[in-house]
Amino acid sequence: MVKRQQQPLSLNGYIVPKHIAIIMDGNGRWAKKRGLPRQAGHRQGAENLRRIVNACVEFGVQILTIYAFSTENWARPESEIKGLMRIFARVLDQETDDLNAQGVCLHHLGDLSGIEPKLQDKVRRAIEQTKDNDTLILNIAFNYGGRAEILHATKMMLADGISPDDLDEELFSSYLFTAGLPDPDIVIRTSGELRISNFLIWQAAYAEYYPTPALWPDFGREELYKAIVAYNQRERRFGLVIEE
Ligand code: IPE
Ligand code: IPE
Ligand code: MG
């Protein structure tokens with residue numbers, strides 16, 4: 001078992017955020033710019049994910065949460081959805097051994113029951129294979145929506161008979177898919193869009209937002225490093241007054 005760093009690491013004097021979340025956007029535009037089908041952009045996006053996971057391991061990030069398929073993405077054309085499922089299956093088939101060797105522990109955020117059974121099995125196997133690793137926790141948000149997550153948590157709490165008097169933010173958080181994990185410090189969104197698109201709407205309440213014009217397939221190690229530098233230039237006040 002690979003041991004995870006408990007303290008945030010310093011990278012050339014910069015504090016490395018413990019938990020980085022990424023809205024991986026812009027695959028379609030990346031492909032369009034090159035006159036390629038959208039699926040080529042998604043393939044390139046999956047390639048890039050490998051680069052970013054490697055960079056997170058190198059930089060000492062402890063948790064990486066990636067938005068791979070939203071509850072809203074079901075409204076896309078069926079052929080594109082099929083293509084995305086194929087890529088997800090292939091990534092699990094081809095990358096799990098390597099991720100395991102790097103000490104990556106895979107988690108899934110979202111509703112697994114909504115995807116086809118063979119793919120569900122692959123996800124469960126990958127989670128089982130990597131469960132003892134703790135170099136990097138990789139949360140894959142797939143068939144994930146923040147509102148659906150909050151509804152799901154609420155239903156579970158009602159089913160457990162939680163009393164309103166006992167309910168607080170900590171207990172609520174323990175019913176989310178990210179139970180037990182610290183909130184993201186930074187949410188990166190590629191492709192220049194300035195919206196949250198139903199991603200981690202509870203957990204990212206105090207995250208630093210980092211929009212970047214880079215399209216996801218082009219957001220490599222150097223771009224991640226720049227995001228970490230920018231994070232270090234933010235003053236996280238959490239509602240307090242910081243004395244000069
Ligand atoms: C992100 O890229 C991948 C998913 C949402 C699955 P997009 O497919 O949204 O790419 P754009 O936004 O059309 O460029
Ligand atoms: C957000 O991207 C979802 C993922 C990256 C998986 P979208 O491209 O689906 O979001 P919108 O449609 O621009 O809000
Ligand atoms: Mg998009």
Within the 3.5 Å criterion, strictly below it, is a donor on R43 or Q39 matched to an acceptor on the partner's side chain? no

CD of E58 to CD1 of I52, rounded to nearest 0.5 Å, is 10.5 Å

Answer yes or no: is there a donor N or O on one side and an acceptor on the other, between the side chain of N143 and the main chain of D111, under 3.5 Å? yes

For a quick test of reading the model, state the closest non-hydrogen atom pair linking P217 to G26 and the distance between them. CD-O, 4.2 Å

Starting at CG of L112, measure out to CD of Q120 and round the result to the nearest 0.5 Å. 5.0 Å

Under 4.5 Å between any side-chain heavy atoms of F69 and I81, yes or no? yes

With distance as the sole criterion, is a donor-acceptor pair present between the side chains of R51 and N48 under 3.5 Å? yes

Roughly how far, to the nearest 0.5 Å, is CG of D25 from OG1 of T212? 11.5 Å

R34 meets the salt bridge (Lys or Arg N to Asp or Glu O under 4.0 Å) criterion, sequence neighbours left out, with none

Please round to the nearest 0.5 Å and tell me the distance separating atom CH2 of W30 and atom NE2 of H42. 12.0 Å

Pairwise side-chain contact, Y210 with I20, heavy-atom cut-off 4.5 Å (strictly under): no

d(H19 NE2, L64 CG) to nearest 0.5 Å is 7.5 Å

Closest non-hydrogen atoms of K18 and V61, given as atom of the first, atom of the second and distance, are O-CG1, 3.7 Å

Taking W216 for its side chain and G45 for its backbone only, find out whether a donor-acceptor pair lies under 3.5 Å. yes

Hey, is K82 close enough to E78 for a salt bridge, meaning N to O under 4.0 Å? yes

Worked verdict on D97 versus Q129 for side chain to side chain contact (heavy atoms under 4.5 Å, CB included): CA-CA 9 Å; D97 285 348; Q129 187 184 341; 2.9 Å; yes

I'd like to know whether Y231 forms a side chain to side chain donor-acceptor pair (under 3.5 Å) with R236, so could you lay out the CA-CA distance, the side-chain angles of the two residues, the decisive distance to 0.1 Å, and finally the verdict. CA-CA 9 Å; Y231 171 79; R236 302 190 77 188; 3.0 Å; yes

Test item: R189 side-chain N/O and Y209 main-chain N/O as donor-acceptor pair under 3.5 Å: no

Is there a chain of hydrophobic side chains (I, L, V, M, F, W, Y, each step under 4.5 Å between heavy atoms) that links I162 to L176? yes

Electrostatic pair E116-K118, nearest N-O below 4.0 angstrom: no

T96 (side chain) donor-acceptor with A126 (main chain) under 3.5 angstrom: no

Would the distance check show the side chain of H108 and the main-chain N or O of F142 forming a donor-acceptor pair, the cut-off being under 3.5 Å? yes

May I ask you to decide if Y144's main-chain N or O and E149's side chain share a donor-acceptor pair within less than 3.5 Å? no

Nearest heavy atoms of A46 and V91, plus distance in Å: CB-CG2, 3.9 Å

Are R125 and D121 side-chain neighbours, meaning at least one heavy-atom pair lies under 4.5 Å? yes

Closest contact, heavy atoms only, A214 versus F219: CB-CD1, 4.3 Å

Is there a continuous path of hydrophobic side-chain contacts, each under 4.5 Å between heavy atoms, that joins I186 to L136? yes

What about F199 and I22, same hydrophobic cluster or not, with Ile/Leu/Val/Met/Phe/Trp/Tyr joined at side-chain heavy-atom distances under 4.5 Å? no

Is the closest side-chain heavy-atom distance between L200 and L109 below 4.5 Å? yes

Can you find a pair of side-chain heavy atoms, one from L119 and one from L92, that are under 4.5 Å apart? yes

Take I196 and I23 through the test side chain to side chain contact (heavy atoms under 4.5 Å, CB included) and record every step on the way to the result. CA-CA 8 Å; I196 195 69; I23 302 174; 4.3 Å; yes

Work out which heavy atom in E72 is nearest to a heavy atom in N198; give both atom names and the distance. OE2-ND2, 3.1 Å

Quick one: does N73's side chain get under 4.5 Å of L84's, heavy atoms only? no

Is it true that N54 and Q102 share a donor-acceptor pair across their side chains at a distance under 3.5 Å? yes

Does R29 reach the main-chain N or O of S191 with its side chain, forming a donor-acceptor pair under 3.5 Å? yes

Under 3.5 Å, is there a donor-acceptor pair between the side chain of N139 and the main chain of H107? no

Are more than 12 heavy atoms, taken from residues, nucleotides or ligands other than Q233, located less than 6.0 Å from that residue's CD atom? yes

For the residue pair W202 / D183, report whether a side-chain donor-acceptor contact shorter than 3.5 Å exists. no

Any side-chain heavy atom of N133 sitting closer than 4.5 Å to one from N100? yes

How long is the straight-line distance from SG of C56 back to CD1 of I63, given to the nearest 0.5 Å? 11.0 Å

Is Y14 atom OH crowded by more than 12 heavy atoms from other residues, nucleotides or ligands, each under 6.0 Å away? no

Hydrophobic cluster membership, L138 vs F59, 4.5 Å side-chain cutoff: yes

Could you check whether any side-chain heavy atom of Y175 comes within less than 4.5 Å of a side-chain heavy atom of T154, counting everything from C-beta outward? no

Can you tell me if D160 uses its side chain to pair, donor with acceptor, with the backbone of M157 under 3.5 Å? no

Please step through side chain to side chain contact (heavy atoms under 4.5 Å, CB included) for the pair L224 and I188, ending with a clear verdict. CA-CA 9 Å; L224 182 67; I188 296 169; 3.9 Å; yes

Take atom CD in E235; do more than 12 heavy atoms of anything else shown fall under 6.0 Å from it? yes

Intermediate values then yes/no, side chain to side chain contact (heavy atoms under 4.5 Å, CB included), I201 and R147: CA-CA 8 Å; I201 51 180; R147 287 183 174 182; 3.8 Å; yes

Is there a donor-acceptor contact under 3.5 Å from the side chain of T190 to the main chain of L215? no

Any idea which heavy atoms bring A31 and P37 closest together, and the distance? CB-O, 3.3 Å

In one Ile/Leu/Val/Met/Phe/Trp/Tyr side-chain cluster, 4.5 Å: V53, I228: yes

